[in-house]
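Computation of the quantities below employed the complete heavy-atom set of this structure, encompassing side-chain atoms and omitting hydrogens, waters and symmetry-equivalent molecules. Just so it is clear: chains get the letters A, B, ... in the order the sequence lines come, proteins before strands, and each one is counted from 1.
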There are 2 protein chains.
Amino acid sequence: MTGLDQVDEVLAALADPMRRRVLDGLAARGEATATGLAGELPVSRQAVVQHLSVLEKAGLVSSRRSGRERRYRVEPQRLDATARWMARVAATWDARLDVIRRLAESPDPKPSPSTTASPTARPPR
Amino acid sequence: MTGLDQVDEVLAALADPMRRRVLDGLAARGEATATGLAGELPVSRQAVVQHLSVLEKAGLVSSRRSGRERRYRVEPQRLDATARWMARVAATWDARLDVIRRLAESPDPKPSPSTTASPTARPPR
DNA sequence: GTTACGTGCAACCCCAGGCTTGCACGTCTG
DNA sequence: CAGACGTGCAAGCCTGGGGTTGCACGTAAC
């Protein structure tokens, strides 16, 4: 539902520090070109272009041509969606831990053979 | 404030698909060993161990020895914190876009030389 | 004791991807 | 028109890290 491969792309995109710096610069300027951003980054213009390409495929950035230059700007939706996905997963984990703690504290007569394999609820895809 | 390098580690950890599968398995079982998880994954036990190591350094997973085996379990806090960080950034971007839209619609007498370099508010570190 | 199982360490292979350089094309300015 | 600027490919380099295999040690079961 939450586009699981979208999440994949976003996470992969955000994983790179330089890419986050590009995003920072972009968010600060509001709108900028590759060469402009490269001006205050320790890498070549082409590197920035490639990063922006990845970011755009991930939906974190959009671009449009304006004359002989290409303007980029940040795109919050995907990021927000990913944030919500992440919060949901965290909540699932939390619930899972509660179950474990309850089992541990309960005066359980069955010591359970080996693994704590419990065929209970499975987290959403 | 939100541990910027913690965010870095978490994002880097989550970027790998196999690593997310490990987390999935772990969350499903509630608690598991490396060999146990490797049983239902298409990689070797050692691969799983290395992934778990990364995840633990990122604070997404904790472990304790129990006899001759090491039990892992998911740790929601860091993930939740990262989710909140991400939501905050998304909100910042959103605000930034609002400013741009306002500037674009306003009957601006100044055509602004070249770049849309606006020395306004800077997003939090 | 011996056997079996799970772990931890180390060396190694291999490829994705981050970055560079070089060049050609399109667009604005004089 | 010529020149300057920004972009868009393409090829190439090189390191990081995901994966494997092999082995030695500690712990449990027999």
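- Residue B:M18 contributes atom CE, which lies 15 Å from atom P of C:dA16 at whole-angstrom precision.
- Salt-bridge annotation for A:R21 and A:D24: absent, with no side-chain N of the basic residue lying under 4.0 Å from a carboxylate O of the acidic one.
- In this structure, A:D80 pairs ionically with A:R84, as a charged nitrogen and a carboxylate oxygen lie closer than 4.0 Å.
- Contacts between residues 40-51 of chain A and DNA chain C, counted as heavy-atom distances below 4.0 Å, involve A:V43, A:S44, A:Q46, A:A47, A:Q50, A:H51.
- The side chain to side chain donor-acceptor pair (under 3.5 Å) check on B:R68 picks up nothing, with sequence neighbours excluded.
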What are the atom names and distances for every N/O pair under 3.5 Å that joins the protein to nucleotides 25-30 of chain C?
from, atom 1, to, atom 2, distance (Å)
C:dT27, O2, A:R68, NH1, 3.4

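- Remark: A:E75 engages A:S62 in a side chain to side chain donor-acceptor pair (under 3.5 Å) (not counting sequence neighbours).
- Between A:W93 and B:L26 there is no side-chain heavy-atom pair separated by less than 4.5 Å.
- Between the side chains of A:S63 and A:R70, at least one donor N or O sits under 3.5 Å from an acceptor N or O.
- An end-to-end axis angle of 20° holds for the helix from C:dG1-D:dC30 to C:dG30-D:dC1, taken from five base pairs per end and rounded to 10°.
- Closest heavy-atom contact between B:P76 and A:L97: CD-CD1, 3.5 Å.
- Ion pair A:E40/A:R29 flagged as a salt bridge, since at least one NZ, NE, NH1 or NH2 atom sits closer than 4.0 Å to an Asp/Glu carboxylate oxygen.
- On the nucleic acid side, DNA chain D has its first and last nucleotide under 4.0 Å of a heavy atom of chain A at D:dA4 to D:dC9, going 5' to 3'.
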Start with the C-alpha distance between B:V48 and B:M18, add both sets of side-chain angles, then the distance that settles side-chain contact (heavy atoms from CB on, under 4.5 Å), and finish with yes or no.
CA-CA 9 Å; B:V48 176; B:M18 186 60 66; over 6 Å; no
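- Taking all atoms of both residues into account, the shortest heavy-atom contact from B:I100 to A:E31 is CD1-N, 4.2 Å.
- Rounding to the nearest 0.5 Å places CZ of B:R71 at 7.5 Å from OG1 of B:T33.
- Minimum interatomic distance between A:L23 and A:V74 (heavy atoms only, all atoms of both residues): O-CG1, 4.2 Å.
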